[in-house]
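What you see is a predicted model; the values in this text were computed from it and never measured. Both ligands and their constituent atoms are indexed starting at 1 by order of listing. Computed over heavy atoms, backbone and side chain alike; hydrogens, waters and symmetry mates excluded.
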Amino acid sequence: MSNKLSNSPLGAGGKLKLAIQKSGRLSEDSIKLLKDCGIDLRNVKDRLKTEADNFPLEVFFLRDDDIPQYVEDGVADIGFVGENVLYEKNKKVASVEKLGFGKCRLSVAVKRNEEYNGPAFLQGKRIATSYPVLVQQFLDKNQVQAEIHEISGSVEIAPGIGLADAVCDLVSSGSTLFMNGLKEVEVILQSQAVLIKNKNLSADAQLLLNKLLFRIQSVKKAKNNKYVLLNAPNEKLKEIISLLPGMKSPTVLPLATEGWSSVHSVINESDFWNIIEKLKEAGAQGILVVPIEKMIV
Ligand code: ATP
Ligand code: ZN
């Protein structure tokens with residue numbers, strides 16, 4: 001198929017162009033995800049762009065705030081960016097896949113000694129934030145009028161220096177808020193890194209993206225699952241097998257010790273401890289839990 005009419009024709013050599021954060025909280029995990037997908041980048045230090053050795057991929061290193069625009073314009077075909085930035089910038093790009101890292105929340109916080117009684121507290125107040133669009137949406141939804149002060153960094157110090165009555169900022173542990181005498185009172189967005197794509201990808205770029213997505217999904221599945229090996233007395237096998245979900249049915253092998261078997265299966269992280277406890281109660285012994293590197297289903 002021709003690329004001529006596309007906004008994002010594949011350049012010479014037909015490479016998929018990916019934009020990731022140059023330096024910041026998403027950089028290391030973005031490069032790590034590519035590595036887990038078997039994609040090694042050449043010389044990532046102090047570069048504007050680089051290429052992968054073993055996948056037709058060109059990588060641009062940018063400020064995270066600029067990534068949605070570059071992807072909308074087709075300078076990059078795809079990008080890894082936080083949902084917080086994606087929704088704040090509101091560019092015409094498609095969100096394709098959650099990446100499972102860069103998890104944080106965008107929250108409203110007020111001074112710890114304030115009595116917060118819901119969004120109405122913010123009526124007529126000054127809110128400092130780097131996310132004016134998302135904060136305005138939150139205020140509108142709650143029919144509250146407030147003054148938004150857009151600042152680009154160190155938002156959490158604004159109440160302490162009398163610049164604002166409240167802040168809306170990214171939080172992960174909450175320790176920065178705590179150290180500045182603030183308390184978190186509303187979560188307005190739960191965020192993580194996502195893969196975004198240009199809306200007019202060429203067929204060739206889409207094919208490469210499908211290949212990359214298949215790898216990303218295999219890596220994510222593997223991270224969410226554990227390989228479990230255990231020993232079971234044969235008379236308890238039926239009960240133990242019924243507790244195991246597995247990809248199909250578990251593998252059962254006889255042990256050298258008469259009357260015992262070894263059972264192998266895959267368990268999802270979300271119900272992991274629950275199942276392990278039940279397995280122990282049912283008589284399983286010598287339970288080994290092993291990380292999975294890739295999981296192709
Ligand atoms: P840049 O120079 O690229 O503009 P930045 O200072 O805007 O960098 P970082 O602080 O590196 O950005 O954060 C990048 C992204 O990491 C955030 O937009 C968000 O999606 C994610 N993130 C995860 N946890 C946090 C956190 N606790 N605080 C801030 N961002 C976080
Ligand atoms: Zn930024």
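- For atom 6 (O) of ligand 1, no protein non-hydrogen atom is found at a distance below 4.0 Å.
- Nearest protein neighbour of atom 14 (C) of ligand 1, counting heavy atoms only, is D64 OD2, 3.4 Å.
- With a 4.0 Å cut-off on non-hydrogen atoms, V81 does not touch ligand 1 at all.
- Counting atoms of ligand 1 from 1 in the listed order, those under 4.0 Å from a heavy atom of Q21 are 1 (P), 3 (O), 5 (P), 8 (O), 9 (P), 11 (O), 12 (O), 14 (C).
- Ion pairing between E72 and K89 fails under the 4.0 Å rule for side-chain N and carboxylate O.
- Of the protein's non-hydrogen atoms, N84 ND2, 2.8 Å is the one closest to atom 18 (O) of ligand 1.
- A salt bridge is defined here as a Lys NZ or Arg NE, NH1 or NH2 lying under 4.0 Å from an Asp or Glu carboxylate O, and K197 with D77 fails to meet this definition.
- Between K91 and D73, no side-chain nitrogen of the basic residue sits less than 4.0 Å from a carboxylate oxygen of the acidic one, so the salt-bridge criterion is not met.
- The protein atom (non-hydrogen) at minimum distance from atom 2 (O) of ligand 1 is R63 NE, 3.5 Å.
- Relative to the ring axis of F55, R215 does not place its NZ or CZ within 45° and under 6.0 Å from the centre.
- Interface of V85 with ligand 1, defined as ligand atoms under 4.0 Å from a residue heavy atom, comprises 18 (O).
- Within the 4.0 Å heavy-atom criterion, the part of K103 lying near ligand 1 is the backbone and not the side chain.
- Atoms of ligand 1 lying under 4.0 Å from at least one heavy atom of G82, given by number and element, are 20 (O).
- In this structure, K98 NZ and K103 NZ are separated by 9.5 Å, a value rounded to the nearest 0.5 Å.
- Among all non-hydrogen protein atoms, the one lying nearest atom 15 (C) of ligand 1 is L26 CG, 3.7 Å.
- Contact atoms of ligand 1 toward G24: 11 (O) (distance under 4.0 Å to a heavy atom of the residue).
- Of all protein atoms, those that are N, O or S and lie under 2.8 Å from the Zn ion (ligand 2) total 2.
- In terms of modelled atom types and a separation under 3.5 Å, the side chain of E269 and the main chain of N225 share no donor-acceptor contact.
- Taking every heavy atom of D65 and a limit of under 4.0 angstrom, the matching atoms of ligand 1 come to 4 (O), 7 (O).
- Counting protein heavy atoms only, atom 27 (N) of ligand 1 is closest to S172 OG, 2.7 Å.
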